[in-house]
Amino acid sequence: GGRAAGRRQVRARKEVILSAGAYESPHLLLKSGVGPAHDLESAGVEVRVDLPGVGQHLQDHPIIGLKYRLGPPGGVWFPKSITKLWLTFPSLLWSYLWAGKGALSSSGCDVGFFGASNSSHTRRPDLQMHGMVTAGDTSFFTDFLNYDSSFTDQIGELSDVHALWAQGMLIAPTLLHAVTEGSVSLNPRSVRAGPPLIRYEAFGHEEDVDRLIECIRRMQTIMAQPAMAAHEPVLLYARDLAQEFGLDSDQYWAEYIKRFGFVVYHPTGTCRMGRAGEPTAVVDSSLRVFGVRGLRVADASIMPDIVSGNTQVPSAAIGVQMAAILRKEHGISVDHLG
Ligand SMILES: Cc1cc2nc3c(=O)[nH]c(=O)nc-3n(C[C@H](O)[C@H](O)[C@H](O)COP(=O)(O)OP(=O)(O)OC[C@H]3O[C@@H](n4cnc5c(N)ncnc54)[C@H](O)[C@@H]3O)c2cc1C
């Protein structure tokens with residue numbers, strides 16, 4: 001946002017609450033001279049507060065998509081995408097509009113699993129599976145998952161032109177507590193304008209890859225159960241990789257993960273909450289930025305450690321807590337908030 005020309009100064013009578021998300025909140029702090037002194041100096045930014053944790057400790061959830069075809073090659077004749085299914089079965093639209101029920105009431109992610117890859121993760125799960133029946137939706141793969149033809153051309157039998165788009169399920173094993181961490185920093189070539197530098201090497205750590213392979217094995221066990229047999233699930237493999245590394249070998253999956261994996265848009269931890277003096281702590285338990293009076297951060301960036309699941313609701317909960325803290329500290333009644 002902002003205006004094309006000129007600067008405007010806005011003064012807050014009480015406090016400033018920064019909620020620009022896990023990439024932009026640390027970026028704004030860094031541009032304002034709040035961050036690791038050495039990095040600020042080398043970017044030519046005047047150091048106001050030396051706070052080494054700003055932009056560090058970036059965490060996310062690495063994920064890998066696998067396609068199960070359900071039924072024979074070629075799929076079925078009606079539209080495969082759940083969003084277009086009502087064109088063939090108008091009654092679906094009626095039952096959704098009338099009663100909020102039926103296939104159209106799906107969130108698109110109807111199957112889920114949380115588990116531990118080994119006994120050291122029993123305190124909290126480190127594996128999640130997202131199971132989606134949106135497999136037939138081309139735009140879901142290309143626009144949302146950003147898969148290009150290097151992935152889509154690889155999957156399924158050569159003769160099966162509908163392999164990826166056929167009736168089926170996309171199951172996406174997800175790593176909840178990756179060893180890998182990244183960072184958000186100033187881009188020395190455009191410190192004042194433009195995006196920050198975001199470093200996050202998903203799958204750079206062998207332990208993360210091994211745990212995702214374990215999650216794939218769990219998924220294969222679930223899909224092999226008698227209850228699934230009626231749906232005739234067939235896992236589709238990437239042809240070139242299968243030839244090079246052997247169908248279904250651990251090495252095949254390691255390569256598959258590195259080539260086709262991504263992160264599931266859950267950046268957190270870049271302004272993490274902690275105790276004063278902790279090397280990576282940026283805010284205290286009331287979300288006040290250490291060393292800066294009248295400034296708090298309230299968004300996903302303050303998570304001390306990434307949550308064991310999707311981040312939207314936890315982020316909203318942080319906002320709710322922020323409101324409760326402000327109400328208490330400033331003596332604001334709910335009536336006053338209108
Ligand atoms: C494609 C996608 C799909 C997702 N799917 C899910 C899901 O299914 N389930 C789930 O739980 N989570 C999902 N997430 C994650 C979830 O959306 C985030 O964890 C959550 O929104 C984080 O909230 P936040 O307040 O920290 O940041 P945000 O929601 O990103 O809010 C930050 C806001 O600050 C604004 N902003 C940034 N910089 C400036 C600036 N300089 N000036 C003014 N405004 C600024 C941004 O425009 C934005 O509106 C998804 C994320 C993405 C990107």
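Keep in mind that the numbers below use all heavy atoms, side chains included, and drop hydrogens, waters and symmetry copies. Indexing begins at 1, ligand by ligand and atom by atom, following the structure's order.
- Here the side chain of N310 pairs no donor or acceptor atom with the backbone of Q312 at under 3.5 angstrom.
- As a member of the Ile/Leu/Val/Met/Phe/Trp/Tyr network built from side-chain separations under 4.5 Å, Y23 groups with L58, V184, I198, Y200, V263.
- Ring pair Y256/W253 is perpendicular by interplanar angle, where above 60° counts as perpendicular and below 30° as parallel.
- Counting heavy-atom neighbours within 6.0 Å of R199 CZ, excluding the residue itself, gives a total of 12 or less.
- Of all atoms in ligand 1, numbered sequentially from 1 with element shown, those under 4.0 Å from a heavy atom of A20 are 32 (C), 34 (O), 37 (C), 38 (N).
- Of all atoms in ligand 1, listed by their number and element, those nearer than 4.0 Å to a heavy atom of H266 are 12 (N), 13 (C), 14 (N), 15 (C).
- Remark: among candidates D60, V307, N310, the nearest residue to atom 9 (N) of ligand 1 is N310, based on non-hydrogen atoms.
- The closest side-chain heavy-atom distance from L170 to H130 is not below 4.5 Å.
- Interatomic distance, R211 CZ to I216 CD1, rounded to the nearest 0.5 Å: 13.5 Å.
- At a heavy-atom distance under 4.0 Å, no atom of S301 approaches ligand 1.
- Heavy-atom contacts of S19 reach the following atoms of ligand 1: 32 (C), 33 (C), 34 (O) (cutoff under 4.0 Å).
- Distances below 4.0 Å separate heavy atoms of G21 from the following atoms of ligand 1: 26 (O), 27 (O), 32 (C).
- Of all atoms in ligand 1, listed by their number and element, those nearer than 4.0 Å to a heavy atom of S315 are 19 (O), 20 (C), 22 (C), 23 (O).
- Sorted by first and then second residue, the side-chain hydrogen bond (donor to acceptor under 3.5 Å, both in side chains) pairs involving residues 31-56 (not counting sequence neighbours) form an empty list.
- The heavy atom nearest to atom 17 (O) of ligand 1, considering only Q312, H130, M303, is found in Q312.
- Here A300 has heavy atoms under 4.0 Å from ligand 1 in both its backbone and its side chain.
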